[in-house]
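Down below is the structure, laid out as structure tokens.
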Amino acid sequence: MASSRVISVLSILLLCITIIQGRKTLYTSNDFSASSLNTDDGICKTMVETQGYTCEEHKVTTEDGYILSMQRLPASRSGEKANKPPVLIQHGLFCDAVIWLFNSPDESLGFILADSGFDVWLVNGRGTKYSTMHTSLSPNDKAYWDWSWDELASYDLPASVQYVYNNTGQKMHYAGHSQGTLMAFAALSQGQLLNMLRSAALLSPIAHMNQISSKETKLGADLFLANDIYWLGIREFSPIEDVGAKFLDGICHTLNLNCANLMAFFTGPNCCINSSRIDFYLQHEPQPSSTKNLIHFSQMIRTGNIAKYDYDDQAQNVKHYGQRVPPTYDLTKIPNDFPLFFAYGGKDQLSDVQDVKILLNDLQDHDANKLVLEFNQDYAHADFILSVSAKQDVYDPMIAFFNNQ
């Protein structure tokens with residue numbers, strides 16, 4: 001049965017090769033030059049200032065040359081300047097910073113934090129719409145997409161935190177969703193950033209993934225589908241572009257699923273998203289990621305380990321890590337007195353409750369007064385960023401947590 005699924009999905013992928021070869025270039029050479037970004041089309045102009053908030057566009061360059069777009073909301077809607085510490089907000093996989101601004105100002109985390117007096121900083125990960133620039137590479141170059149969440153934790157997150165710290169002179173709170181939580185776990189477990197962070201709020205935490213309950217996601221991991229896409233020479237994975245769309249359609253076809261509500265198959269049944277806003281969400285999301293990143297997540301799902309990217313070749317692992325197997329991230333190394341806030345849901349099929357319990361077991365020695373847990377039985381993965389009731393269910397408790405640190 002498994003082999004027939006492989007053949008079915010790979011057949012679709014192979015048919016896509018001619019599409020890829022004939023596809024028009026998505027990025028011109030000017031797309032990654034520092035002067036190419038039209039700020040009139042940026043997040044500040046299109047998503048923030050239209051709601052009556054002051055907004056600043058910023059750029060930060062990572063150690064490996066990626067130029068990330070950041071947005072700052074330095075004041076509330078009334079114009080009152082922030083009187084609380086900075087908060088850096090990091091999105092998850094296939095998203096960008098727009099995800100924190102999608103709903104109305106009283107439902108979107110970016111606006112809610114600004115109106116609560118915080119100095120809000122939003123960051124867009126490498127390869128997303130507003131962060132396609134690099135000091136020497138174009139997104140058309142395969143080398144541009146040679147990264148996984150290892151690099152997001154090692155380069156993007158430190159560069160973003162350091163930039164906010166340099167600009168404000170203050171230690172900051174961190175808020176992340178999904179992949180954004182994994183980045184924090186990796187950095188904190190290695191003792192990084194602690195001198196610049198006050199606390200971390202982790203929504204739909206991703207760490208151990210062996211118990212993941214999304215059958216579709218687990219199927220893709222078990223059949224090494226991301227590896228097959230990589231083998232075909234495809235380094236950029238976009239769920240809404242040629243291969244990505246065909247890939248997801250292939251999974252739906254193979255499992256005989258009605259994928260009209262594709263998101264629910266992967267995230268779980270989100271309880272509280274405004275269905276009338278779905279078309280608006282889809283104008284902005286999902287965003288691209290690297291195929292290598294998907295391979296890395298697949299490795300985590302198959303093994304249950306939180307480890308660096310496995311090159312599946314002992315010589316390559318030795319070259320990159322000095323050992324034949326990738327080093328693991330030991331979450332027990334996160335300082336027991338570092339303030340952590342977790343919010344997770346009973347219907348989440350990516351941040352599964354059983355996996356969260358294993359994560360919490362890693363943190364069993366954490367100081368009880370430095371670890372806050374917020375559980376919502378009805379929430380699935382996307383509810384934590386798009387739910388119309390997230391303010392009272394998640395964000396208000398999170399803000400109370402920030403105020404106590």
Side-chain angles (χ1 to χ4, degrees), residues 25-49 55-74 86-101 110 119-168 172 174 176 179-180 182-184 186-187 192-193 196 235-238 241 284-293:
T25 299
L26 294 177
Y27 310 96
T28 68
S29 59
N30 288 330
D31 280 331
F32 60 98
S33 66
S35 62
S36 67
L37 183 68
N38 184 348
T39 55
D40 289 341
D41 297 328
I43 291 177
C44 279
K45 290 292 185 184
T46 60
M47 299 294 295
V48 181
E49 294 175 5
C55 186
E56 302 170 2
E57 293 280 358
H58 291 259
K59 286 282 184 290
V60 57
T61 302
T62 68
E63 188 177 333
D64 57 346
Y66 291 82
I67 302 173
L68 309 180
S69 166
M70 299 181 71
Q71 289 75 40
R72 182 188 192 184
L73 281 67
V87 180
L88 175 65
I89 314 181
Q90 175 66 60
H91 60 79
L93 180 65
F94 296 139
C95 296
D96 62 4
V98 173
I99 202 76
W100 305 109
L101 308 166
D119 182 5
V120 179
W121 294 77
L122 310 174
V123 60
N124 298 268
R126 60 179 67 185
T128 58
K129 178 179 179 180
Y130 298 101
S131 293
T132 60
M133 295 188 292
H134 190 277
T135 55
S136 62
L137 297 172
S138 159
N140 286 317
D141 300 324
K142 286 186 177 182
Y144 178 93
W145 299 99
D146 186 21
W147 52 265
S148 77
W149 60 261
D150 277 333
E151 283 72 27
L152 301 183
S154 298
Y155 297 116
D156 289 28
L157 182 56
S160 302
V161 170
Q162 187 69 59
Y163 186 88
V164 173
Y165 184 77
N166 290 347
N167 276 268
T168 65
M172 71 208 72
Y174 176 83
Q179 178 180 261
L182 180 58
M183 294 163 61
Q192 298 176 351
L193 311 180
M196 293 181 284
R235 300 295 186 263
E236 173 194 358
F237 185 95
S238 175
E241 294 292 343
H284 298 271
E285 314 292 350
Q287 292 290 320
S289 186
S290 72
T291 306
K292 185 176 180 179
N293 196 29

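Numbers here simply count residues along the sequence, with the first being 1.
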Contacts of Gln162 that satisfy side-chain contact (heavy atoms from CB on, under 4.5 Å) - sequence neighbours left out: Tyr165, Asn166, Met196
Would you say Met47 and Cys44 make side-chain contact, with heavy atoms under 4.5 Å? no
Can a donor-acceptor pair be found, under 3.5 Å and without considering hydrogens, that links the side chain of Glu57 to the backbone of Ile43? yes
If you measure from the Lys or Arg side-chain nitrogens to the Asp or Glu carboxylate oxygens, is any gap between Arg235 and Asp146 under 4.0 Å? no
Give a yes or no answer on whether the side chain of Ser131 reaches the backbone of Ser69 with a donor-acceptor pair at less than 3.5 Å. yes
Once salt bridge (charged side-chain N to carboxylate O under 4.0 Å, His left out) is applied, what residue pairs with a partner in residues 153-163 remain, sequence neighbours excluded? Arg126-Asp156
Residues two or more places apart in sequence or in another chain: which of them pass side-chain hydrogen bond (donor to acceptor under 3.5 Å, both in side chains) with Tyr163? His58
Could I get the full list of side-chain hydrogen bond (donor to acceptor under 3.5 Å, both in side chains) partners for Gln90, not counting sequence neighbours? none
If we only count heavy atoms from C-beta on, is the Met133 to Thr61 side-chain gap below 4.5 Å? no
Is any side-chain heavy atom of Trp147 closer than 4.5 Å to one of Tyr66? yes
Would you say the side-chain atoms of Glu151 and Asn293 include a donor-acceptor pair closer than 3.5 Å? no
Output all residues satisfying side-chain hydrogen bond (donor to acceptor under 3.5 Å, both in side chains) with Thr62, sequence neighbours left out; order by chain, then residue number. Asp64
For Asn167, which residues count as a side-chain hydrogen bond (donor to acceptor under 3.5 Å, both in side chains) partner, sequence neighbours excluded? none
